[in-house]
Amino acid sequence: MNKSKWLKIVFFLYLAVVVKVIIFKYPWAQLQEIMNSWEKDVVLEGLDSANFTLFKTIRMYIVYSYKLNSFENLVGNVVVFIPFGFLLPYIQPGCKHFMVLLLNAFLFVLGIEVFQLFSAFGAFDVDDILLNCVGASLGWVAQVEWEAARRKRLECRRWENRW
């Protein structure tokens, strides 16, 4: 199997893990209980608990950092999307452009958040979108730096082979 196919497999396994960890984080019995309660009220309840105010949750985690698992939530939301930004440019060459990658990350995360809003499998939070997109951006920067270092190593080898 070539490198491209391996990267695609790794990326899609990564996406499956992200969906499992973010959306299907509860035990199956609890998810079934949530699904059994799906009615119009569940959606309205999701709208009531949703955060549409940018930096509201981030600010809360900072202010109450001594009480909450703030570090895990803030850093976790960033770190979980670093592989997205690192791997996607290898899978989809158009995503080597930062804005294309960021749009893809935004749409994927928005899809997760909207699903959480309407399913009650989690809570919609605009700050999660921001933090996840920051993570994807950091992954993209790491990928660009990785490729630059790889090209530099290859160039050094070419020079060594000339001598």
Side-chain angles (χ1 to χ4, degrees), residues 1-26 31 50-119 121-163:
M1 204 179 303
N2 66 22
K3 182 179 171 183
S4 175
K5 285 188 182 188
W6 275 110
L7 284 172
K8 285 179 183 178
I9 290 168
V10 168
F11 184 70
F12 288 111
L13 287 174
Y14 158 76
L15 289 179
V17 169
V18 167
V19 168
K20 167 68 175 120
V21 168
I22 294 175
I23 295 178
F24 301 109
K25 58 186 160 249
Y26 305 117
L31 292 173
N51 171 33
F52 295 101
T53 307
L54 197 56
F55 298 112
K56 180 180 178 182
T57 304
I58 294 171
R59 197 174 308 115
M60 179 192 67
Y61 280 137
I62 292 169
V63 170
Y64 296 105
S65 62
Y66 61 95
K67 289 183 179 180
L68 305 171
N69 54 347
S70 303
F71 182 80
E72 292 87 357
N73 281 307
L74 292 174
V75 174
N77 271 307
V78 172
V79 169
V80 75
F81 273 85
I82 290 174
F84 188 97
F86 188 88
L87 294 171
L88 191 58
Y90 292 112
I91 307 302
Q92 190 66 37
C95 291
K96 289 181 181 177
H97 302 284
F98 176 73
M99 293 307 292
V100 175
L101 174 102
L102 188 59
L103 178 63
N104 277 276
F106 175 77
L107 292 174
F108 181 67
V109 174
L110 181 64
I112 289 172
E113 292 297 319
V114 168
F115 182 81
Q116 287 180 323
L117 176 68
F118 292 118
S119 70
F121 283 3
F124 179 95
D125 192 337
V126 71
D127 288 340
D128 287 350
I129 297 171
L130 173 67
L131 293 169
N132 294 161
C133 286
V134 166
S137 299
L138 291 174
W140 180 83
V141 169
Q143 187 270 341
V144 167
E145 292 297 320
W146 175 269
E147 282 301 310
R150 188 180 69 78
R151 282 191 300 277
K152 189 174 182 178
R153 282 191 310 269
L154 287 173
E155 188 63 30
C156 286
R157 285 185 195 146
R158 281 190 214 130
W159 275 100
E160 288 173 358
N161 290 338
R162 286 182 184 174
W163 298 101

Side-chain touch L15/V19, heavy atoms, less than 4.5 angstrom: no

Gap between atom CZ of F55 and atom CD1 of I62 - 0.5 Å precision: 9.5 Å

Non-hydrogen side-chain atoms of L130 and V126 separated by less than 4.5 Å: no

Heavy-atom side-chain proximity of Q116 to I22 below 4.5 angstrom: yes

Shortest non-hydrogen contact from L101 toward P89: CD1-CD, 3.9 Å

Reported CG-to-CG distance for the pair L88 and L7, which is rounded to 0.5 angstrom: 11.0 Å

Those residues that, when tested against Y14, pass ring pair (Phe, Tyr, Trp, His ring centres under 6.0 Å) (two or more places apart): none

R150 and E147: CA distance, side-chain angles, deciding distance, salt bridge (charged side-chain N to carboxylate O under 4.0 Å, His left out) verdict: CA-CA 5 Å; R150 188 180 69 78; E147 282 301 310; 2.8 Å; yes

Qualifying residue for side chain to side chain donor-acceptor pair (under 3.5 Å) with D125, from N77, T57, N73, T53: T57

Short side-chain to backbone donor-acceptor contact, W140 and K96, under 3.5 Å: yes

Residue K56 excluded, over 12 heavy atoms near NZ under 6.0 Å: no

Distance, nearest 0.5 Å, that separates CD of Q92 from NZ of K8: 8.5 Å

side-chain contact (heavy atoms from CB on, under 4.5 Å) partner of I82, chosen from L87, V134, L138: L138

Gap between atom CE of M60 and atom CG of L74 - 0.5 Å precision: 9.0 Å

Aromatic ring pairing F108/F84, orientation class (parallel under 30°, perpendicular over 60°, tilted between): parallel

Test of ring centre spacing under 6.0 Å for F24 and F121: yes

Interatomic spacing from CZ in F86 to CD in E145 - rounded to 0.5 Å: 11.0 Å

Side-chain heavy-atom pair I129, F124 within 4.5 angstrom cut-off: yes

Student check: side-chain heavy atoms of L102 and C133 closer than 4.5 Å: yes

Candidate pair D128 and N132, rule side-chain hydrogen bond (donor to acceptor under 3.5 Å, both in side chains), full reasoning: CA-CA 6 Å; D128 287 350; N132 294 161; 5.9 Å; no

CZ (F71) with more than 12 external heavy atoms under 6.0 Å: no

Heavy-atom side-chain proximity of L107 to L103 below 4.5 angstrom: yes

